[in-house]
Amino acid sequence: MSSDPALRARKKGTETQPKAGAGKANASTSSIVKARDRPSSNGNGGWSSTSLLVCLAVIACTAGFVSWQTGYIDRLLTVKKKEWTPLPGYGEDAVVDFSADVPKRQAVVDAFKHAWLAYERDALGADEYHPISHKGTNLSEAGGIGYTIVDSIDTMQIMGLEEEYARARLWVEEKLDFERDGRFNTFELEFRYLSMLTDEEEYWRKAEQVMKMIKGAHLTTGLASIFMNPEDGRFVLSAIRLGSRGDSYYEYLLKQYIQTNMTEPVYQAMYDDAMNGVQAHLISKSYKAGLTYTSELIPERNSQGEISWRLAPKQDHLVCFFGGSLMLGAVTTGAVSFPVSVPPKPHELTEQGKRDWNVGRGRELVETCVKTHDTATGLSPEIVHFRISGDGLDGTLAPDDWYIKGARQGEAPPYDARYILRYASPPTLHLPNLSSFIAFRLTGDVRYRQQGWAIFQAIEKHCRVETGGYASVLNVDDVPVELEDKMETFLMSETLKYLYLLFDDASTLPLSEYVFNTEAHPFPIFHPTLRTGFS
Ligand SMILES: *[C@@H]1O[C@H](CO)[C@@H](O)[C@H](O)[C@H]1NC(C)=O
Ligand SMILES: *[C@@H]1O[C@H](CO)[C@@H](O)[C@H](O)[C@H]1NC(C)=O
Ligand SMILES: *[C@@H]1O[C@H](CO)[C@@H](O)[C@H](O)[C@H]1NC(C)=O
């Protein structure tokens, strides 16, 4: 499991499959489930010594944290408190306009149909679609589970595409078959809603048990490493980051709290704890322009075997979800009372709420993500690195603030340079993302629509395959672009859905009644009938 998780996990849609028709998985929680599912017959023999090692690692890691904290913390906490700054034109008496932008919304629907009809024509039933070769492939040799169909069907409903929806629904009714042997990742959140729908407590309890174990393994900072040992419930010494494998953990601390209508204080406590850790340890400012970004903490062992934590200035496109997530947290866990204004006024938020909303980079992170779209194509790369002092880059040739690591003129583009039709990361193209959608709904600031539209146009220009479908771009800094023959399922389930909602009337799926899971599927907020089993 530890072999290059970064590379494997980053492709949010590709290593994951739906469970019970709804979710996909990635990030930390899924790795827990996957590991737990390991058959005991082949796992038990090696575990005791492994557990011991892991225990030692955790102790060492904790010790490392303490020494790291004393050494570096002051330097990291360079971010100064800022005054509350209302958005331009959005003062105390702002009137925000949430009516639909019908032509742009229609353009997004047309794009969805361009993607869906090609898949339906060439590959209906297959998990994934390859728009250039006009072929479908499956994630498991045992056969497909209609991954693309299951993932896209709620977008059709939201967009009002009744004919497409009816055909997709018929496929689900007649052909969908989960009798496949294979490894499937799951998300505990969805489990809680499954319990609500089926009246079976078991799913709820299982999901809750995972959260309880994570809480019990608590690191002093409130943060979580991306791997845990399923046998002893402790963290394995591994990176701490908001990017791949870590992203959904932080997102779901908040969303679990919102999902049950803010009635389970334990999730609020875990979220607040984690956000304090993020603010103290992971938020950094770029060198020249002062862009706010999030770093990763990488454990390193010296020749004496001592562990220290290195702060790596590397941000996955995935992290772009986080700006919106912070803003959502600010108006929920950080609200003095409900509901707050749009945009919220300073006296409506607690100190932590204000920090996360304003000082706390909700908006600043989103702005940074927008800046990473500043490439030849207007698409954001999969991973960006930020300049830090002592990074050894040539001052005359190197960019001021951020760069794509390993990119050299005239050579094959590195993995980091691609744009894979993602929605989440703010930097480039993905944008019609959760962050822009949430930021628009919470502020009414039309700039988010403008940015979303710019990103949509970049997708149309560079990723559209004329014969049908959309393909990933191999290097966002190279025009004309070279395409990879793959259309990730999250184009239809996430990117185009968030774009549609961005241009739609705000009464569609209001944030006071729905919470979006990490794959953009809306779940109704409900009042829980079960009591939280831990605190
Ligand atoms: C993928 O799986 C589906 C459903 O089992 C099957 O109909 C289809 O032939 C498979 N496609 C390929 C390329 O194996
Ligand atoms: C998400 O949308 C926001 C708001 O438009 C934008 O600033 C940010 O760059 C986008 N992020 C991603 C992930 O594309
Ligand atoms: C959530 O809580 C609020 C305030 O207590 C209440 O008005 C609302 O009806 C609740 N929503 C649900 C779905 O239970």
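When a ligand or atom number is given, it counts from 1 through the structure's own listing order. Owing to the predicted nature of the structure, the values given are computational and were not obtained by experimental measurement.
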Only counting residues at least two apart or in another chain, list the ones meeting side-chain contact (heavy atoms from CB on, under 4.5 Å) with [X].
X	answer
E264	R192, W204, E208, T260, Y267, T532
K113	V109, L117, L161, E164
P524	Y193, Y514

Determine whether the aromatic ring centres of Y500 and F112 lie less than 6.0 Å apart.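 Between Y500 and F112, the centre distance exceeds or equals 6.0 Å.
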Heavy-atom contacts under 4.0 Å to ligand 1, chain-then-number order, include exactly G136, N138, G143, G144, R180
Is D154 salt-bridged to K497, cutoff N-O under 4.0 Å?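 Yes, charged N to carboxylate O under 4.0 Å.
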Salt bridge check: are E202 and R205 linked by an N-O gap of less than 4.0 Å? no
What atoms in ligand 3 come closer than 4.0 Å to a heavy atom of I525?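 Every atom of ligand 3 under 4.0 Å from some heavy atom of I525: 13 (C).
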With heavy atoms of H527 as the reference, note each atom of ligand 3 found under 4.0 Å away.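 In order of number, 14 (O).
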With distance as the sole test, does D127 use its side chain to make a donor-acceptor pair with the main-chain N or O of T137 at under 3.5 Å? no
